[in-house]
Each structure stands twice: as C-alpha cells, then as structure tokens.
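Here is the structure we will look at.
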Amino acid sequence: MYSPHVRREAVSLIDSGISCAEVSRRTGINRSTLRTWILDRSLVDRYVGTDLCPRCEPVPVPPRRTDAYGYLLGLYLGDGCLTPAGDPTKGVWRLRVMCSDTWPGLIELCAGSMTAIRPDHRVSRVPSTGCTEVHSNWKHWPCLFPQHGPGRKHDRAILLEPWQRAVVEEHPEQFVRGLIHSDGSRVLNRIRRTLPDGGVRFYEYPRYHFTNVSTDIVGLFTEALDRLDIAWKVHVSRREPRYRDKHVVSVSQRDAVARMDAFVGPKY
C-alpha cells in the first residue's frame, strides 16, 4: 500500500505531462497501478485522514491533536504497549492501554484520546479480569511512539524525540494528567501527632503520588512538573526517614496539590 503523499506525487507528475512509464521509473510504482489511479482519482486520496501518518509525510509533523497526543503519551508510558495485530508480516501494530475497571471514566478518556488521533478508525475495548484493554490498530503507531522496543520499559532507555518534547512543552498539563491517570493517585495522608498533654491529634491532607520503575519516565514526569512550577519531592518513608525511593514522586504542598487538582482531577 502506498502512502497518500506518494499517490499524490505520482498523479501530479502524470498531470504535468510525464508518461506513466517515466513516472513508474522515477517512483517504482507499477504502470498498471498508475493507470488505475488516473481512471479513478478517488483512489489517490482515499486514505487521507485515515491512514495518513503525520510522521511519514515529506515534512514530518506532530499529530494534529497535540493535546490528545500529550495525554495519550502519558498513558502509553505508564500502562501502554505496542504489539503486532494479527500476522506480524503485515506490519500492523496494536496500541494497547490497560485501564482499571475501578475508574470507567478513564477508559472513555483513553478511548477518546485514541479517537482524536485517528478519528476515522475504530477503538476497541476488551474486558479482562479487573481491567479493560483499550486498543486501536494501525501500521504507523511505532512512528508516533518511537519508545517502543523489546523488553520492559524500565530495562531500556526511554527518551523523547525532539518533536515529542515540543508537544510536552506545549501541553505539559495533559502529559502529567496521562501519567497520573496511569501510574499515579491522589490520596489522603493521615498523620498522628502526640500533644504535650499526652493527647493525640490526627491531621489529614491530600497529596499526589506517582510511581514508575523506570527512572527515565520518572524524570520526564518531574521535568513536566518543573515546567509547571509544581513543587515535588522524592517519597520518604516515615518509618525510615533516611530511605528515599527514587521511583516514587510525591506532591504534597498545599498550593502544588491545588494546582494539580485544577487539571488532573479525580479518577472516576
């Protein structure tokens, strides 16, 4: 299957007066295929808006809905993966994100972000034990998620491409939201304090936790928080104050939590 820009270029050459034989020589497209496109011009742009990959165009660009992509990137880094869809020789990939059934609203948010990236294709939901797999098939998912590779994410380097960094810088809130919705939580911290008179008082305050085994992904999360001017710290165990878990990030300052509440929102 030829990409849309290859089809358009070939027909444009023919329209300029170049013979099918010469266009075939230049592009490598079979002459019978070129004749078919000439007779039925709808075949030239049939896949525009459907299989059109923004990264495979002559001038690569980010996905049109960069806000939805920023959120989906966060989900993918947390709970997503790419696997072959059906026969691997066909080169079709399945973007899969596992969503807990505890929060059905997040399942719809995940499906909505996939639909925003590819509005003309189906997004499927497959029930499993305690969770739902949200997935969509496309040959070009690896173009949008070049972090795909063999093995687990924490066993390899996870680095963003320059165009992905530009998207995250444009939509840091959506990126952080996707990461929190996949590997984060908002909890109510309860602290016990002993008063001078021997009495006991409990204090409660909300905080956000983000946990990921990949230090690279944790680093992307904290970079986005820094960009948003949201204070964070590495989680410290109250029982062992000297113990710091570099895989757990805590946001607990009152103004920082309020800032997170404004765009993350509760899981539902």
Practice problem: Check the pair Asp101, Thr132 against side chain to side chain donor-acceptor pair (under 3.5 Å), reporting the backbone distance first and the verdict last. | Solution: CA-CA 6 Å; Asp101 290 337; Thr132 296; 2.7 Å; yes
Has [X] got a side-chain atom pairing as donor or acceptor with [Y]'s backbone, closer than 3.5 angstrom?
X: Arg254; Y: Pro206; value: no
X: Ser250; Y: Lys233; value: no
X: Thr222; Y: Val218; value: yes
X: Ser128; Y: Cys131; value: no
X: Arg118; Y: Asn137; value: yes
X: Ser100; Y: Trp103; value: no
X: Lys153; Y: Gly80; value: yes
X: Glu133; Y: Pro127; value: no
X: Thr33; Y: Ile29; value: no
X: Lys267; Y: Gly184; value: yes

Within this structure, what is the [atom1]-[atom2] distance for the pair [X] and [Y], rounded to the nearest 0.5 Å?
X: Asp183; Y: His209; atom1: CG; atom2: NE2; result: 14.0 Å
X: Arg25; Y: Cys20; atom1: CZ; atom2: SG; result: 14.0 Å
X: Ile230; Y: Met260; atom1: CD1; atom2: CE; result: 5.5 Å
X: Phe210; Y: Leu179; atom1: CZ; atom2: CG; result: 4.5 Å
X: Thr27; Y: Leu34; atom1: OG1; atom2: CG; result: 5.5 Å
X: Ile180; Y: Phe221; atom1: CD1; atom2: CZ; result: 4.0 Å

Quiz item: Are Glu173 and Arg227 close enough, and set up right, to give a salt bridge (Lys or Arg N to Asp or Glu O under 4.0 Å), and what steps lead you there?
Solution: CA-CA 10 Å; Glu173 294 180 346; Arg227 190 171 293 112; over 6 Å; no
Quick check: are there more than 12 heavy atoms from other residues, nucleotides or ligands sitting under 6.0 Å from [atom1] of [X]?
X: Arg156; atom1: CZ; value: yes
X: Arg31; atom1: CZ; value: no
X: Asp229; atom1: CG; value: no

Quiz item: Between Pro62 and Leu144, is any pair of side-chain heavy atoms under 4.5 Å apart?
Solution: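 A side-chain contact under 4.5 Å is absent here.
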Quiz item: Does the pair Glu161/Arg55 count as a salt bridge with the N-to-O cut at 4.0 Å?
Solution: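 Result for this pair is no, no salt bridge flagged.
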Are [X] and [Y] close enough that their ring centres sit under 6.0 Å apart?
X: His148; Y: Trp141; answer: no
X: Tyr69; Y: Tyr76; answer: no
X: Tyr71; Y: His181; answer: yes

Exercise. Kindly write out the residues that satisfy ring pair (Phe, Tyr, Trp, His ring centres under 6.0 Å) with Trp232, not counting sequence neighbours, or none if the list is empty.
Key: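 Residues passing ring pair (Phe, Tyr, Trp, His ring centres under 6.0 Å) with Trp232: none at all.
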Practice problem: Show your reasoning for whether side chain to side chain donor-acceptor pair (under 3.5 Å) applies to Thr89 and Asp87. | Solution: CA-CA 5 Å; Thr89 62; Asp87 184 356; 2.8 Å; yes
Exercise. Kindly indicate, with the supporting measurements, whether the criterion side chain to side chain donor-acceptor pair (under 3.5 Å) is fulfilled by Thr66 and His171.
Key: CA-CA 8 Å; Thr66 52; His171 301 286; 2.9 Å; yes
Quiz item: Does a donor on one side chain sit under 3.5 Å from an acceptor on the other, for Ser32 and Asn30?
Solution: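 The criterion, which ignores hydrogens and geometry beyond distance, is satisfied for Asn30 and Ser32.
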